[in-house]
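Have a look at the structure below before the remarks.
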2 protein chains.
Amino acid sequence: MESKIFQEFLSRRGLKLTKERMSVLRQIFSIHGHFDPEHLYLSIRDSDMKASRASVYRTLNLLVESGLVERITRSDKGNVYEHTYGHRHHDHMICTACGEVIEFFSEHLEDLQKMICEQHQFAGTTHTLEIRGNCKACQKRKK
Amino acid sequence: MESKIFQEFLSRRGLKLTKERMSVLRQIFSIHGHFDPEHLYLSIRDSDMKASRASVYRTLNLLVESGLVERITRSDKGNVYEHTYGHRHHDHMICTACGEVIEFFSEHLEDLQKMICEQHQFAGTTHTLEIRGNCKACQKRKK
DNA sequence: TCTGAATTGCAACTCAATCTCAATATCAGT
DNA sequence: ACTGATATTGAGATTGAGTTGCAATTCAGA
């Protein structure tokens, strides 16, 4: 299913769905959760598929443009991505004590952001909301 | 005022408020709005003050730790900072075409986030909301 | 003024990400 | 299947932000 969407995206730009691009796509969609380019590359290298580091990066950028993959954050050690097909958009709460990541979604929040963009005549395409603090467990533990 | 806070922060760690650190601090607080390390360095170099690139980076990290400066975003061209002393909390819209950063604030948005935290029994302390897209000018330019 | 810790600047370095380019693959049209 | 035009690949070079090692320097307190 993802490959069909990617296929379409590529041909709309006169690009081809090659073996290497297929490798990257399949590997990404076989991963559950977040990943970074280097690990993605290594996991492809260690499988029966193949693609150079350059191709992994190039394909990753195409996938982001196609909307199938999203860049979640830019850490000081590089970018982190996740695939979004079949996933609803969501935001994150991050516990600064234990590192737990809680996903959440609020339609109301999304609407509000849309309104704010309109007010500023800004054409928003994506957003990242990251709330940092302490999760339930860590609040208790601190007492 | 900022220098007093920084001074205190430094001595609490057994560090000194040197000329170079003073240069960086003063230059940052003379800038209105956002800045990146390279421009900060250049503006210091072109003024009567002085500090090497290394010192600028080192001081910048100290200032972030002290809470006087915040890192707003990590773009593909490096980090962007702003000084926070005397500033109310706000969020950012970032134009992916020209890099412009627009500040905004919404009480409603803040309330909503508080509610969401309560729902998840999460004790939120800070948050970062970054909306990426195209500013008014770049929307026009693209047509 | 002496002493030791902190600081500086330069250049070397790191590391993610991008680019170069020659070789290779792919597709459309014949 | 052949041909030409275009897209793609991988290996390694390159970029560029940010960090670090180190010898020389500054600074604060005794």
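Nearest to the side chain of Glu20(A), among dT8(C), dC27(D), dG10(D), sits dG10(D). Side-chain atoms of Ala54(A) lie closest to dG10(D) of the nucleotides dG10(D), dT8(C), dT20(D). Proximity note for Arg21(A) (side chain, C-beta onward) versus dC19(C), dT8(D), dT8(C): the nearest is dT8(D). When the nucleotides dA17(C), dG10(D), dC27(D) are ranked by their closest atom to the side chain of Lys19(B), dC27(D) comes out on top. With dA11(D), dT18(C), dT7(C) as the choices, the nucleotide that has an atom nearest any side-chain atom of Thr18(B) turns out to be dT7(C).
Spacing between atom CG of Leu17(B) and atom P of dT26(D) amounts to 17 Å, rounded to whole angstrom units. Atom OH in Tyr41(B) sits about 16 Å away from atom P in dG16(D), given to the nearest Å. Rounded to whole Å, the distance from CG on Leu60(B) to P on dT8(C) is 13 Å. Here the C1' atom of nucleotide dG29(D) and the CG atom of Leu15(B) are 17 Å apart, to the nearest Å. Atom pair Leu40(A):CG and dA16(C):C1' shows a separation of 14 Å (rounding to whole Å applied). For Leu42(B) and dA17(D), the CG to P distance is 10 Å, given to the nearest whole Å. Taking atom CZ of residue Arg71(B) and atom C1' of nucleotide dA17(D), one finds them 12 Å apart after rounding to whole Å. Separating the CD atom of Gln7(A) from the P atom of dA7(D) is a distance of 16 Å, rounded to the nearest angstrom.
Taking OG of Ser3(B) as the reference point, atom CG of Leu25(B) lies at 6.0 Å (rounded to 0.5 Å). For the atom pair CD1 (Ile44(B)) and NE2 (His39(B)), the distance works out to 13.0 Å, reported to the nearest 0.5 Å.
Residue contacts for Asn79(A): at a heavy-atom cut-off of 4.0 Å it reaches the sugar-phosphate backbone alone, with no base atom in range. Note on Asp36(B): nothing from the nucleic acid sits closer than 4.0 angstrom, heavy atoms only.
Contact check, Tyr57(B) against dG18(D): a side-chain N or O comes under 4.0 Å of OP1 or OP2. Using a 4.0 Å cut-off, no side-chain N or O of Asn61(B) falls inside it from OP1 or OP2 of dG18(D). Between Ser55(B) and dG9(C) there is a side-chain N or O to OP1 or OP2 distance below 4.0 Å.
In this structure, His92(B) and His34(B) have perpendicular ring planes: the angle between them is above 60°, well past the 30° mark. Note on ring orientation: taking the six-membered ring where Trp is involved, the planes of Phe105(B) and His89(B) are perpendicular (angle over 60°, cut-offs 30° and 60°).
Surrounding NE2 of His87(B) are more than 12 heavy atoms belonging to other residues, nucleotides or ligands, all under 6.0 Å away.
Between Lys16(B) and Pro37(B), the one whose closest nucleotide on DNA chain D sits nearer the 5' end is Pro37(B). Ranked by how close their nearest DNA chain C nucleotide is to the 5' end, Arg53(B) and Arg13(B) are led by Arg13(B).
The shortest side-chain heavy-atom distance between Ile131(A) and Leu129(A) falls under the 4.5 Å cut-off.
You won't find any donor-acceptor pair under 3.5 Å spanning the side chain of Arg58(B) and the base of dG18(D), going by distance alone.
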